[in-house]
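Every chain is numbered from 1, with letters handed out A, B, ... down the list of sequences. Every heavy atom of this structure was used, including side-chain atoms; hydrogens, water molecules and symmetry mates were not.
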Amino acid sequence: MRNKILQNTLRLELRKSFRNKAFLFSAAVGLVFVFMSAYSRISLEFSELGFRAFVDRQIEDLGYAKYPIVPMSTLYCEWIGGEVFSVAVSLFYTLLPLLAILPYGSSFSEEVHSGYIKVVISRCGRRTYFLSKFAAAFVSGGAVIVLPQTVSLLICAAVFPAVKPNVIYHQYLALHHWSMLGRLGNEHPLLFVLAFLGIDFVFAGLFACLAISAAFFFRSRLAVIAVPFLALLGSDMARSLLGHISYVEISPLKFLHAIPFENYTKTPVVLLWLLLLNLLTVPVILGKGCRYEVL
Amino acid sequence: MVIELQSVVKQFGPDTVLDRISLTLRSGVVYGFQGINGSGKTMLMRLISGLIYPTSGTVLIDGTPKTGQNNFPESMGLLIETPSFVPGQTGFENLRMLAGIKGKISDPEVEHALERVGLDPHDRRKYRKYSLGMKQRLGIACAIMERPDLLILDEPVNALDEDGIALVKQIVREEKERGALVLLSCHDFESLSEMSDVIFRLVAGKITRKTVKRNGTFVEESV
Amino acid sequence: MKFFKMLQYDLRQSFLEKPSKWLLVVLLSAFLFLRFTVDVYQYFLLELPGYLQIDPLSISFADVLLETVGGDFPYRGGDQQFTVPAAWLFVYMFCFYFTLSYARDDMARGGIQVVTRVRSKTMWWVSKCVWNALTVTCYFALLYGVLFALTWCTGKNPDFTVNARIFDAYFAYPLPSLERSQLAMCIALCVLPWLAAVAMSLVQMTLLLFIRPAFAYVFTGMWLVVGAYYANELILPNYAAGVRSITVGIYGFRPEVGVILSLAFILPSVFAGIVALRKKDMLPVQ
């Protein structure tokens with residue numbers, strides 16, 4: 001009977017997490033960014049300007065072509081997780097936590113405020129309620145981020161060849177072998193992309209769960225949405241405290257992008273973040289949740 | 001079903017909202033709780049329902065202490081304070097969604113519950129368009145639809161017209177006859193005394209008086 | 001008289017409700033200053049050989065402002081990567097969080113009681129706008145004040161003379177040699193960013209009349225990022241990035257255009273709110 005209630009509650013929560021306006025809004029915003037990025041890359045590819053003019057500009061600026069080889073465009077450098085030039089990429093990855101939280105991150109806070117939590121939790125029990133809430137927020141948060149990324153991949157795959165990137169191009173892929181999954185990225189780029197889609201799904205899901213966690217500490221529904229986002233932005237800001245000591249990327253807003261923006265992505269940092277996010281979500285939601293008093 | 005409270009105390013910081021409450025509640029009886037605002041009626045109902053935990057004391061259901069996170073009675077219908085549902089769905093859709101959690105009842109039973117409270121199961125209006133009275137009726141329907149063994153109704157006649165109040169009285173009677181344990185609170189003493197078999201009076205979190213209905217009149221008994 | 005009573009009500013509700021939030025602004029300022037100091041220390045005193053090291057006493061308040069809340073260059077095209085200046089974005093998003101939902105929540109709570117007594121939705125809205133502007137002003141005053149105090153206490157120059165070497169190290173771009181008056185720098189680095197923030201905050205508050213707070217917040221975030229990316233005179237966030245001011249000399253964002261553009265957002269926001277409220281129900285938020 002308990003398992004059946006768990007299944008039913010989980011199904012209910014998942015349905016609520018996907019069938020709401022906030023999910024559609026987040027997905028739509030993500031898709032807008034994807035289309036902007038795809039348009040900028042595809043229009044550049046087919047324009048008279050572009051990499052041919054890139055060589056001309058070098059001659060104009062420097063007097064010679066320092067990098068005379070015109071790099072070949074490949075899918076792995078043009079999808080939203082691979083290119084680093086358009087405003088859409090900046091928008092997508094900077095606002096990623098907000099987009100992940102919006103669909104279902106504030107649902108617990110809203111249900112407490114409205115009193116709806118009473119009618120659900122009295123039927124399914126605390127553990128089932130919070131377990132389902134966690135799972136639904138995780139899945140919807142992850143899906144709302146990975147969905148536009150997948151669309152980006154498909155759009156670019158329709159235009160750009162899926163050629164393995166060649167390291168002789170100077171600006172091609174700032175993906176060094178010692179960066180996380182660097183070897184995979186240079187040797188099996190499709191697997192690399194799929195791996196990053198998985199990593200982004202997990203992180204986005206945990207960002208959404210952070211908001212659920214925050215609801216135990218903040219009464220305000222807006223704080224529940226804004227505080228996790230600002231905290232992650234703060235980690236981006238704190239990056240420069242490392243300054244010139246280390247060129248490792250510590251901000252998830254940067255290392256979730258498959259190709260590093262500025263600094264190398266290191267596996268221990270990613271794992272540490274995973275651990276931290278798990279510590280901030282799982283014990284809080286399931287631990288505090290099991291003793292939660294509905295007032 | 002037998003619910004026993006043994007010296008239950010509930011404190012929020014320095015404030016004691018329930019002070020050494022000891023009660024035995026049995027199925028087939030309607031218990032009314034009476035008291036001024038802030039006397040602890042709603043807190044007591046929250047505690048019995050499992051929404052909050054006692055600071056000290058024990059709550060037993062059929063002899064088994066309620067502990068841990070699964071301290072909600074197995075079969076319970078609840079209406080505490082203003083009911084709340086998903087604004088973008090109809091009343092029927094809301095109840096069907098909640099009924100799907102336990103999966104004990106099907107659509108016809110949900111419809112029957114709505115009809116019992118005087119709502120139209122085929123009403124296409126979303127919950128956000130409901131009047132206060134309709135919301136209250138929906139809350140009652142939600143509480144009774146699964147034919148629970150324990151029915152907790154906190155201020156069920158709020159925002160209801162005369163017909164609505166009469167409906168609630170009939171529902172309480174029917175639930176009692178079905179064998180449910182019914183807990184009620186109401187500011188209107190006349191309605192409360194009409195519906196209840198036993199009335200507890202609360203003052204500052206303490207039960208100060210217990211009256212039992214015998215032959216149509218209330219007789220005081222020791223608490 | 002009623003208007004001032006109403007404003008007093010708003011100020012008391014929001015300023016005194018959680019005074020600890022202003023402590024967060026102080027902590028933010030301190031963190032930004034620490035970040036700047038660590039950067040300068042690391043780069044100049046550790047990385048560079050002795051003869052190239054910089055005299056810490058030659059660092060000024062303008063340097064602190066430029067490198068903490070001055071923003072960054074826009075996307076320059078070609079093979080230049082673009083990253084959003086996180087500190088700058090954080091400062092503004094944190095500010096807009098302060099002003100995010102008070103107006104909307106007030107509409108559903110005590111505000112109804114106030115409106116029925118003053119009998120004017122227009123007055124209610126204008127009071128909210130003034131409250132909004134005052135909150136942003138306090139935020140920036142506190143932010144700048146703490147940065148200034150820390151600059152002075154740590155022995156740096158509390159003036160607006162930009163240090164060319166620090167500028168070059170931070171922005172990887174040489175600082176043009178220009179005559180820069182203290183007043184012009186103050187306007188570029190302090191006044192215009194504040195005014196732009198007031199304008200954006202008012203736009204956000206007006207949007208709250210039509211959409212949910214979370215969506216209004218996302219919109220403001222997007223607006224900031226677009227402004228960080230594109231250097232365009234008509235995109236308001238450009239004036240919130242002091243490094244792009246014509247006074248600095250690399251980009252040509254003029255203060256007078258910034259003021260006009262800010263007013264072009266402030267006034268319509270106020271009037272849009274007045275017009276919208278005439279038709280809007282004041283109901284509890286669902």
Exercise. For atom CG of L132(B), decide whether the heavy atoms of other residues, nucleotides or ligands shown that lie under 6.0 angstrom number more than 12.
Key: no
Practice problem: Decide if atom CZ of R147(B) counts as having more than 12 heavy atoms of other residues, nucleotides or ligands within a radius under 6.0 Å. | Solution: no
Exercise. Taking all non-hydrogen atoms of both residues into account, name the closest pair between N8(A) and G103(B) and its distance.
Key: ND2-N, 4.1 Å
Practice problem: To the nearest 0.5 Å, tell me how far L51(B) CG sits from Y292(A) OH. | Solution: 10.5 Å
Quiz item: What part of M76(B) gets closer than 4.5 Å to chain A, counting heavy atoms only: side chain, backbone, both or neither?
Solution: side chain
Quiz item: Considering all heavy atoms of both residues, which atom of S84(B) and which atom of G115(A) are nearest to each other, and what is their separation?
Solution: CB-C, 4.0 Å
Practice problem: Please examine the side chains of Y129(A) and I101(B), heavy atoms only from C-beta on, and report whether any two atoms are closer than 4.5 Å. | Solution: no
Quiz item: F130(A) versus chain B, heavy atoms under 4.5 Å apart: side chain, backbone, both or neither?
Solution: neither
Quiz item: Would you say the side chain of E81(B) lies within less than 4.5 Å of the side chain of K118(A), judging by non-hydrogen atoms?
Solution: yes
Exercise. Using the side chain to side chain contact (heavy atoms under 4.5 Å, CB included) rule, take M97(B) and L12(A) through it: C-alpha gap first, then chi angles, then the decisive distance, then the call.
Key: CA-CA 7 Å; M97(B) 192 167 69; L12(A) 171 70; 2.6 Å; yes
Quiz item: Is a side-chain donor or acceptor of E293(A) paired with a backbone partner of Y53(B) at a separation under 3.5 angstrom?
Solution: yes
Self-check item: Crowding at CD, E74(B) (>12 non-hydrogen neighbours, <6.0 Å)
Solution: no
Exercise. Grab the two heavy atoms, one from C142(B) and one from V119(A), that are nearest each other, plus how far apart they are.
Key: SG-CG1, 4.1 Å
Quiz item: Counting only heavy atoms not in R19(A), do more than 12 fall under 6.0 Å of its CZ?
Solution: no
Exercise. Tell me, please, whether F72(B) has R123(A) positioned over its six-membered ring: NZ or CZ under 6.0 Å from the ring centre and within 45 degrees of its axis?
Key: no
Quiz item: For atom CZ of R178(B), is the number of surrounding heavy atoms from other residues, nucleotides or ligands below 6.0 Å larger than 12?
Solution: yes
Exercise. Would you indicate whether Y39(A), at its atom OH, is surrounded by more than 12 heavy atoms from other residues, nucleotides or ligands within a distance under 6.0 Å?
Key: no
Self-check item: Gap separating the CG atom of L295(A) from the CE atom of M43(B), nearest 0.5 angstrom
Solution: 5.0 Å
